[in-house]
There are 2 protein chains.
Amino acid sequence: MKQYNIPVEATLDVIGGKWKVVILCHLIDNGTKRTGELKRLIPEITQKMLTQQLRELEDDGIIERRVYNQVPPKVEYSLTEYGWSLEKILTSLCTWGEEHIAQTGDGLKKDPIES
Amino acid sequence: MKQYNIPVEATLDVIGGKWKVVILCHLIDNGTKRTGELKRLIPEITQKMLTQQLRELEDDGIIERRVYNQVPPKVEYSLTEYGWSLEKILTSLCTWGEEHIAQTGDGLKKDPIES
DNA sequence: CAGAATCCCTAATGATACTG
DNA sequence: CAGTATCATTAGGGATTCTG
């Protein structure tokens, strides 16, 4: 049992990881992504960090990991019902980022991937 | 000019600091807090981190720093208009934390401060 | 009271190689 | 393809001291 000084710390505990929000925002698109897709969508992330962040999200019940027993391996990650309860937060974060970019000199990198 | 892979990274750039969301959630209460108040509301934070996070939020135009020229010094921090554009995000984060705490074994620390 | 400046160290992250 | 294990690195952050 964890103890917080303020409720929002509980939220940060769950989505505060360095890449978690980014991962979740990608998953929110259609709700499901393969490991390799996430890796390509998040070029700077390392294999290690991707796996680690995914594990933690899984442990917190935010995402589900589905393994297809085949060769080569196929693993899909998707939001759980509990994970979808973050939808409002995630979309707000995304929207704010878009508006912020629109208002500042910041921008988006040239998408290195075609779809 | 910063370049992001996905818009939400811009948001994380601004509020992704270790204590920023917590600080902002406190400021959202009534919009203004003195340095010492924040320090007491966030017991685990160090002087250094508090100042550092406040500076970054100030640099990003999220909060405003008002210095009263007196001895002993008095400094107040408040959300700027731009900072208030984060309100929806911040309240969502807080609410989710409350619900998460209600549904798990987690809880809040005994408030060490009266009022 | 608010905060700047040090020193210092751990924990978080990266890089690489290996496995089923 | 997905993931583990290991080693190396660093920077984020803590403790302390000092100042107006």
Side-chain angles (χ1 to χ4, degrees), chain A residues 2 4-6 9 12-24 26-27 31-60 62-79 112-113 115, chain B residues 2 4-5 9 12-24 26-27 32-60 62-79 112-113 115:
Chain A
K2 296 182 180 175
Y4 304 105
N5 288 297
I6 184 177
E9 288 180 355
L12 297 174
D13 234 27
V14 174
I15 65 170
K18 186 174 182 181
W19 302 96
K20 288 182 183 176
V21 166
V22 174
I23 290 171
L24 293 173
H26 282 302
L27 286 181
T32 300
K33 286 272 188 293
R34 290 189 60 174
T35 311
E37 289 183 89
L38 289 172
K39 184 73 190 64
R40 261 177 290 111
L41 290 167
I42 316 174
E44 275 84 12
I45 203 171
T46 59
Q47 172 74 253
K48 178 183 175 181
M49 285 310 295
L50 179 58
T51 306
Q52 179 180 311
Q53 300 280 290
L54 288 169
R55 286 296 169 281
E56 292 181 12
L57 288 170
E58 194 188 354
D59 292 343
D60 283 325
I62 305 299
I63 64 174
E64 183 189 0
R65 180 171 180 261
R66 174 168 298 176
V67 181
Y68 294 81
N69 235 34
Q70 60 183 54
V71 180
K74 174 179 174 181
V75 178
E76 281 183 348
Y77 293 94
S78 57
L79 290 172
I113 315 113
S115 119
Chain B
K2 297 182 179 177
Y4 304 105
N5 288 298
E9 287 180 356
L12 297 175
D13 234 26
V14 174
I15 65 169
K18 185 174 183 183
W19 302 96
K20 287 183 184 175
V21 167
V22 173
I23 291 171
L24 293 174
H26 282 302
L27 285 182
T32 300
K33 286 272 188 293
R34 290 188 61 173
T35 311
E37 290 183 89
L38 289 172
K39 184 73 190 65
R40 262 177 290 112
L41 290 167
I42 317 173
E44 275 84 11
I45 204 172
T46 59
Q47 171 76 252
K48 178 186 176 182
M49 285 310 296
L50 179 58
T51 306
Q52 179 182 308
Q53 300 280 290
L54 288 169
R55 284 297 167 282
E56 292 181 13
L57 288 170
E58 193 187 354
D59 291 343
D60 284 325
I62 305 298
I63 64 174
E64 183 190 0
R65 179 169 182 262
R66 173 166 300 174
V67 181
Y68 294 81
N69 236 34
Q70 57 183 56
V71 180
K74 175 179 173 180
V75 179
E76 279 183 347
Y77 293 93
S78 57
L79 289 171
I113 315 114
S115 118

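Just so we're on the same page: letters track the sequence lines, and every chain starts at 1.
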K.L.:
Measure the distance from CD on Gln53(B) to P on dG3(C) and round it to the nearest whole Å.
P.N.:
14 Å
K.L.:
What range of DNA chain D does chain A touch, first nucleotide to last, counting atoms under 4.0 Å from its heavy atoms?
P.N.:
dC1(D) to dT6(D)
K.L.:
Would you say Arg34(B) places a side-chain N or O within less than 4.0 Å of OP1 or OP2 belonging to dA2(C)?
P.N.:
yes
K.L.:
State, yes or no, whether a side-chain contact exists between Val22(A) and Asn5(B) at a heavy-atom distance under 4.5 Å.
P.N.:
no
K.L.:
Could you tell me how far apart Glu44(A) (CD) and dG14(C) (P) are, to the nearest whole angstrom?
P.N.:
10 Å
K.L.:
Produce the list of close N/O pairs, under 3.5 Å, pairing protein atoms with atoms of nucleotides 4-6 of chain C; give distances to one decimal.
P.N.:
from, atom 1, to, atom 2, distance (Å)
dA4(C), OP1, Arg55(B), NH2, 3.4

K.L.:
Let me know the distance between CD1 of Ile45(B) and C1' of dG3(C), rounded to the nearest Å.
P.N.:
13 Å
K.L.:
Quickly work out the Tyr68(B) OH to dA2(C) P distance and round it to whole Å.
P.N.:
12 Å
K.L.:
Using whole Å, report how far CD1 of Ile42(A) lies from C1' of dT13(C).
P.N.:
15 Å
K.L.:
With a 4.5 Å cut-off on side-chain heavy atoms, are Trp19(B) and Glu44(B) touching?
P.N.:
yes
K.L.:
If only atom types and distance count, is the side chain of Glu9(A) paired as donor or acceptor with the main-chain N or O of Tyr4(A) below 3.5 Å?
P.N.:
no
K.L.:
For a quick check of understanding: with a heavy-atom distance under 4.0 Å over all strands, which category does Lys39(B) fall into, base, sugar-phosphate or nothing?
P.N.:
nothing
K.L.:
Would you call Leu38(A) and His26(A) a side-chain contact if the rule is heavy atoms closer than 4.5 Å?
P.N.:
yes
K.L.:
Name the residue closer to the 5' end of DNA chain C, choosing between Trp19(A) and Pro73(A) according to the nucleotide with the nearest heavy atom.
P.N.:
Trp19(A)
K.L.:
Figure out the OH/C1' separation between Tyr77(B) and dC1(C), and round it to whole Å.
P.N.:
11 Å
K.L.:
When the C1' atoms of the five terminal pairs at each end define the local axes, what inter-axis angle does the helix from dC1(C)-dG20(D) to dG20(C)-dC1(D) show, to 10 degrees?
P.N.:
50°
